**Student:** 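I am attaching a structure below and will ask some questions about it afterwards.
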Amino acid sequence: MISISEALAILADNLTTLSPENVPLEQSGGRFLAERILAREPSPAFTNSAMDGYALRSEDVAAAADRPVKLALVGESAAGAPFSAAIKAGEAMRINTGAVLCEGADAVVPQEAVTVADEFLMVSAPVAAGAHLRRCGEEFESGAALLEEGCRLDARHQALLAAQGVIEVPVLRRPKAALILTGRELVHHRETPANGQIRDANGPMLEGLLGENGALCLPRIRVGDNPGETVAAIRTAAQLTDLIICSGGVSVGPHDHVKEAAAQVGFETLFWRVRQRPGKPLFLARRGPQLLFGLPGNPVSAYMCFLFYIAPALRAMQGGEFSRQSHPAVLSEAVENKLSRDQLFRVVLEGSPEGWLATPLAKQGSHMLTSLTGADGFFWLKAGALHPAGSRVEVLQF
Ligand code: AMP
Ligand code: MG
């Protein structure tokens, strides 16, 4: 058996980054950039007005504090409809937010600050040169680095790329995954279990997790606890995928065949069994760039192992970091780990003026799915550790 840290290190050492591909901007959400993106155009692309108001020459109104200045209104520059001529001394132009600043003008006065009568503008205070303008390139110039390689794209980034006219985005390929559910006791959740049978909960759960973490999942394969069937399933899955996830069949029982079957298909064991609860029987094997995870069949164990190991692995394969995001929280009561194994210890989170308050979940059984639905996250509780009430822990949220 190895420690959690050793297991994470072995996994990290055996990850292969997937190849890049171009996808339409609209489909790039959740994907990781394959390369740094440079600005193609300055932003703003042209100097424009930050307000609805009037474009003018600041020197014309420099003396307006002493005596109001009257300027002739000579036209309008609307957003998307620039005015082609320049303004001259004594002239001003209507302008709206986002409209091109006409030539000759060097400032905008907001409409609330002036009065208008008979196509004349009365300005009773000076306007500083550059006032209420968004200058060409003030945000960034052409060639500026906008987004870094490895950035996980969301709507913010998509907006920035769209503003730059990016149509196709270079991202890393999504991992292709296969799910193999082992267990003679399993029936599809739409079926009625006979005596001793149970519904497959891990299939929908793991498929959901794969999707949430950017992977594409082949139709799931269900096998009984039979060596030949298990070998055949792994062999089929291995032809098409970057990642195979087996559920169940990795313990020490006479009906656990995943490890031997993986070996027969050419997978080399990287580790089996981790000093942790839940998830002790976790198994990892590799064939070239392909990884095979053997998850314990208990749904809670399978879920926790996915979150703690597979989710960061999927992230790294897609060009992100091999990391899990955690948030500090304060324990509302003392927690002690009397086991000789580390625990992925589930807690309920509650907001408080001092930050998150974490309360241990009473029922942590790895066969109890309500220990997931009733919790908000978990923290890595070391073997033998004693955390008094009020101590700080790092919680990974579900
Ligand atoms: P195993 O790891 O195969 O020994 O399974 C451990 C426990 O998890 C047993 O009680 C199984 O019945 C249960 N189990 C295995 N696979 C699933 C599944 N897909 N959905 C729900 N429970 C499962
Ligand atoms: Mg089983």
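Remember, it's 1-based here, ligands and their atoms both numbered in the order they're listed. All values reported here derive from a predicted model rather than from experimental measurement.
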**Student:** Quick check: does any side chain N or O of T269 sit under 3.5 Å from a backbone N or O of F271, one acting as donor and the other as acceptor?
**Tutor:**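 Not a single qualifying donor-acceptor pair exists.
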**Student:** Among all residues two or more places apart in sequence or in another chain, which pass the salt bridge (charged side-chain N to carboxylate O under 4.0 Å, His left out) test with R36?
**Tutor:**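 Checked R36 against salt bridge (charged side-chain N to carboxylate O under 4.0 Å, His left out); matches are E148.
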**Student:** Each residue besides F140 in its hydrophobic cluster should be listed here, by chain and number; the cluster joins Ile, Leu, Val, Met, Phe, Trp and Tyr at side-chain heavy-atom distances under 4.5 Å.
**Tutor:**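 V23, L25, L33, I37, L146, L147, L153, L160, L161, V166, V169, V171, all in the cluster of F140.
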**Student:** Do D52 and Q111 have a side chain donor and acceptor closer than 3.5 Å?
**Tutor:**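 No, no side-chain donor-acceptor contact under 3.5 Å.
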**Student:** Measure from every N or O atom of ligand 1 to the protein's N or O atoms and keep only the pairs below 3.5 Å, writing each with atom names and distance to 0.1 Å.
**Tutor:**
unit_1: ligand 1; atom_1: 2 (O); unit_2: G297; atom_2: N; d: 2.8
unit_1: ligand 1; atom_1: 3 (O); unit_2: G249; atom_2: N; d: 2.9
unit_1: ligand 1; atom_1: 8 (O); unit_2: G297; atom_2: O; d: 3.3
unit_1: ligand 1; atom_1: 8 (O); unit_2: N298; atom_2: N; d: 3.1
unit_1: ligand 1; atom_1: 12 (O); unit_2: E185; atom_2: OE2; d: 2.5
unit_1: ligand 1; atom_1: 14 (N); unit_2: G297; atom_2: O; d: 3.3
unit_1: ligand 1; atom_1: 19 (N); unit_2: D200; atom_2: OD1; d: 2.8
unit_1: ligand 1; atom_1: 20 (N); unit_2: A201; atom_2: N; d: 3.0
unit_1: ligand 1; atom_1: 20 (N); unit_2: N202; atom_2: N; d: 3.4

**Student:** In this structure, which one of R286, R174, R173 forms a salt bridge (charged side-chain N to carboxylate O under 4.0 Å, His left out) with D242?
**Tutor:**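 Considering R286, R174, R173, a salt bridge (charged side-chain N to carboxylate O under 4.0 Å, His left out) with D242 is found only for R173.
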**Student:** Among pairs that include at least one residue of residues 218-268, which meet ring pair (Phe, Tyr, Trp, His ring centres under 6.0 Å), considering only residues two or more places apart or in two chains?
**Tutor:**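 Not a single pair qualifies under ring pair (Phe, Tyr, Trp, His ring centres under 6.0 Å).
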